[in-house]
Amino acid sequence: MKKINLQNDIKNNENTQKTIIPIIYSYKEKRDKLLNEEQKEKFCEELRKIKEKSINNIVKLKKETIKNLSNQGINVIEAQTVKDAINIIKKIIGKEKTIIKSKSNTITEINLENALKNKKIIETDLGDFIIQLFKEKGIHPVLPSFHLTPKEISKKIKEKFNININPNPKEIVCFVRNILREKIFNAKIGITGANVISSDGSIFILENEGNISLISRIPEKHIILTSFDKIVETREEALKIIRASSIFGTGQDYPVYVNIISGPSKTADIENEIISGAQGAKEVYLILLDNKRTTILNSKFKELLYCINCGACLNFCPVYHQIFSRYGAKYFPGAKGVISSFFKESEKDAFNNGAFFCTTCQQCKENCPMKINLSDLIRDLRKELVKQQIEPSSITEMIDNVKKFGNPFGKIDTNKKPDKLYCC
Amino acid sequence: MGILNFFGGNVLYYPGCLTKIVAKDLEENYKKILNKIGIDFIMLKDLEVCCGNPVLNSGHEKEARELVEKNFKLFKERAVKKIITNCPACFHMFKSNYPRFIKNWDIKVEHITQTIAKAIKDGKINPKNFNHDITYHDPCHLGRYEKIYEEPREIIKKSGNLKEMKLTKNYSFCCGGGSGVKSNYPELANSIAKERIKMAKETNAKMLCTSCPMCYLNLKENSKEIDVKEISQFFFDEKNNKQKLK
Ligand code: SF4
C-alpha cells in the first residue's frame, strides 16, 4: 500500500487543536456534572440493553415500524443503496428548486448536495450553514464547525454577503437567523435525519436551535432520511436514547426541543372528517437507507449498529486530536468512520482513512454510551485487511521478524538500538 | 535467579521484547528489584519469544496464535506457575488473551507494580523519596484494559506527592505509541505524546512517571519540558544505578 505520512495533516491541524481541546474539556466537565461515574455506568448499561435487544430483533421491529407508521399516514420507503435513496428523494422533490435541510449524518452519507447540484440546498443548522460557507467538511458529527473562530466566520460573511458583522457569536447568530427565517418560510420541501424511531409508531428528532421544528412544520413535504438501526421498540426507550444523545453529544441533560412525529399534520375539526395538512407538513416521508447496514448486521461488526452518533468516542481519541477529519470517512470521523468505509467503500479506503492509525487505547469505549468496543472492531478490521496484504510496510517487516527471530525487532544487535519500535 | 523447580512450579520474570531489546536498563532494574524483594524467579533468556500482542494488534491473528502456542509450551516445559512482567502489553496478553486462545491455561499473571506494591506493604523494599510532585501516566493496557490503577499510585505516593493530570485512570490519554502506531506512523505517535506531555506539564509536577516501556520511551522522546521516568527507576540512584537500600 502507498505509504501514508501524516506530518502535513498534523501541522495543518495545529490551530484546530488549540481551538477544540478547551471546548472538549468543558464538555466533559458538563457531562461529569450530570452523571457521576456510577450513574454513568448504570445508564450506559441500560442503553446498551435497549440497543442490543432492538438490533437482535430488528427484522421484526422494522416490519412493525413500517406497519404502524404507514397506518398513521407516513410514507415509509426502503432504499437499498445510496442511488436508490437519491432517486426517491428526487421524485419527492419533483420540480421544486429549493430544499431546506438540517444536520444529519445520513444525509451526508448520501452526499445529497452533490446529487442535487441543480437545486438549492439550504443548511439551516448554524454549524452546517457556516461549514457550507467555508465549503469544508464538518469536523465532528455533533459540532461540525467548532474549529472556526468568530473572526474567521465574520470575515467569510463579509466575503459572501458583503455585510459587516462584528466577530462575536451573538451577532453572527442574529444575522444567520434573519437570513434563514425568510428562506425557511418560503420553502416547500424540508429534509432532516432522525435520532430514534420507536416501533410503536413515532420518529424522534432532537435539536437545540429550533430549525428542525420549523422544517418539520413549515414546508408542505417533510422528508426524513434515516436508517433502520435507529429503531427501538417503545417510545419510552426512545426518550432514553434521546437523553443519551444529548448528554454524550453535548454535555447537556436534555435538548431544547424533541420533535416527536407520528404522522402528517391533520385535523378533524370539521364534521369529524380527517384532513391532513392543518398547519404542519401535509406529507411526511420516511426513507430507511440500508447502504450495507444489513451486511454489517450479519457480520462480526454488528456492534457498530448500536451507535447513536453522539460523537463522544471522538472527543478524547488521541488520533482525532491530531488530525481530526483526516481520520475516518467523509460521513463520520474516527474509528467508526474507518470501519464503515470498509463496508460502504472498499478495503483500500478503510486503509487510507486510517485502519492502522488507531492505538487501540479504548478511550472511545470508555466514553461511548453504548460501550461499543471500537478498538476490538478495529483489530477485526485489520484482520480483514491483512488477508488482502493491505497493511503498512512496518507490519510486514514486524511479522517477518517475529517469524524469523521470535521478536518484532529482528536479529538482536546488542550494540545498536532498533530504529523502529514495532511493539506493542 | 532460581533453579528450575518442577514440583512446586516456577515464577517466571518475563520482560518482553521491548524491555529486553530496547529498554534494557529497565530489565536490569527489575531483576535487582525482584531479588531484593526475595522472589525466586527464572527467566527464558534466549528462548524467550514475543508474547504475540503486537502481532494480534496488527491483524495477524494466525501468527499471534502460533506465538501463543509456542509460549505456552515453553512455560509448561519449565513448570511456570506464575508470570511476572513489567510490560503492560505482555501482561494484558497473558492475562486476558491467552485464556481465550488456550483452554487449559492455568498460569497466574502479575504486573510487576502489583508485586512491588505488595512488597512495599510487607516492608521488603522502598523507593527513594523525591520530595516533589510526581504525575502518573496510566498505560492503556494496564489501566483501561486490566483496571490496574492503584498499585502504581501506591508506589509513587511513597516517592513523592502524586498530582493527577486532567485525564487520568479510566480516562487516561494514550501516549500514542501502542498498536503499532509508533512504527507505522511515528509522526502521529510523537504528536500524541506531545499532547500528553502538555497535560503532564499543566500539573506543575517535576516528574512524569509511567509503568510501561512503550509509554516511557515514547513520552521521553517527546518531552523537553518534564523529566520522564519509568517506575523501576524510583528504586535506584541516578548515576551509579545502585539499588537504594532501605
Ligand atoms: S460509537 Fe459510541 S460514542 Fe461513538 S458516536 Fe457511536 S454511540 Fe457515540
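Treat the numbers as computed from the prediction; the structure is a model and nothing was measured. A, B, ... follow the sequence lines: proteins, then strands. Residue 1 opens every chain.
- Contacts between A/Leu421 and chain B at a heavy-atom distance below 4.5 Å involve backbone atoms as well as side-chain atoms.
- Shown here for B/His141 and A/Cys424, the closest heavy-atom pair between the two residues is CE1-O, 4.5 Å.
- Sorted by first and then second residue, the ring-ring contact (aromatic ring centres under 6.0 Å, His included) pairs involving residues 401-424 of chain A (not counting sequence neighbours) form an empty list.
- Annotation for B/Ser191 and A/Ile10: closest pair OG-CG2, 3.4 Å, computed over non-hydrogen atoms.
- Ranked by heavy-atom pairs under 4.5 Å with chain B, the first of A/Ile399, A/Val402, A/Asp419 is A/Ile399.
- Note: B/Tyr185 OH to A/Gln7 CD = 14.5 Å, rounded to the nearest 0.5 Å.
- Residue A/Lys416 does not touch chain B at all, counting heavy-atom pairs closer than 4.5 Å.
- Counting non-hydrogen atoms of other residues, nucleotides and ligands closer than 6.0 Å to NZ of A/Lys417 gives a total of 12 or fewer.
- Residue-environment remark: CG (A/Asn36) exceeds the threshold of 12 foreign heavy atoms within 6.0 Å.
- Heavy atoms from other residues, nucleotides or ligands lying under 6.0 Å from NZ of B/Lys108 number 12 at most.
- Only the side chain of A/Glu37 comes within contact range of chain B, with at least one heavy atom under 4.5 Å from a heavy atom of that chain.
- Contact of A/Glu397 with chain B is not made at all, since no heavy-atom distance falls under 4.5 Å.
- Separation of atoms CG (A/Asp413) and CD1 (B/Ile21) is listed at 11.0 Å; rounding is to 0.5 Å.
- The most heavy-atom pairs under 4.5 Å with chain A, out of B/Cys174, B/Cys51, B/Cys90, B/Ala89, come from B/Cys174.
- Both the backbone and the side chain of A/Asn5 come within less than 4.5 Å of a heavy atom in chain B.
- Heavy atoms closer than 4.5 Å to chain B are found in the side chain of A/Ile412, but not in its backbone.
- Crowding of A/Lys49 atom NZ: a count of heavy atoms from other residues, nucleotides or ligands under 6.0 Å not exceeding 12.
- Annotation: maximal heavy-atom pairing with chain B below 4.5 Å, among A/Lys28, A/Lys420, A/Lys387, occurs at A/Lys28.
- Open room surrounds NZ on A/Lys348; 12 or fewer heavy atoms of other groups in view lie less than 6.0 Å from it.
- For B/Lys20, the NZ atom sits in a packed shell: over 12 heavy atoms of surrounding residues, nucleotides or ligands are nearer than 6.0 Å.
- Residue contact with chain B, scored on non-hydrogen atoms closer than 4.5 Å, is absent for A/Ile378.
- Between the CG atom of A/Leu6 and the CG atom of B/Asn184 there is a distance of 10.5 Å, given to the nearest 0.5 Å.
- Of all heavy-atom pairs between A/Arg382 and B/Ser179, the closest is NH1-OG, 3.0 Å.
- Among the candidates B/Lys166, B/Glu66, B/Glu63, the residue making the largest number of heavy-atom pairs closer than 4.5 Å to chain A is B/Lys166.
- No side-chain donor-acceptor contact under 3.5 Å links B/Arg144 and A/Ser375.
- Between chain A and the residues B/Val49, B/Asn53, B/Val22, the most heavy-atom pairs under 4.5 angstrom are made by B/Val22.
- B/Lys201 NZ: 12 or fewer foreign heavy atoms inside a 6.0 Å radius.
- Top candidate by heavy-atom pairs under 4.5 Å with chain A, chosen from B/Cys212, B/Cys50, B/Gly52, B/Ser58, is B/Ser58.
- Chain B is approached within less than 4.5 Å, heavy atom to heavy atom, by A/Phe356, A/Phe357, A/Cys358, A/Thr359, A/Thr360, A/Cys361, A/Gln362, A/Gln363, A/Glu366, A/Asn367 from residues 356-369 of chain A, ordered by number.
- Interface summary for chain A: among B/Glu61, B/Met214, B/Glu195, B/Lys70, the most heavy-atom pairs under 4.5 angstrom belong to B/Glu195.
- Residues A/His321 and B/Ile192 have side chains not in contact (no heavy-atom distance under 4.5 Å, counting atoms from C-beta outward).
- More than 12 heavy atoms of other residues, nucleotides or ligands shown are found within 6.0 angstrom of NZ on B/Lys147.
- A heavy-atom distance below 4.5 Å is not found between the side chains of A/Met398 and B/His60.
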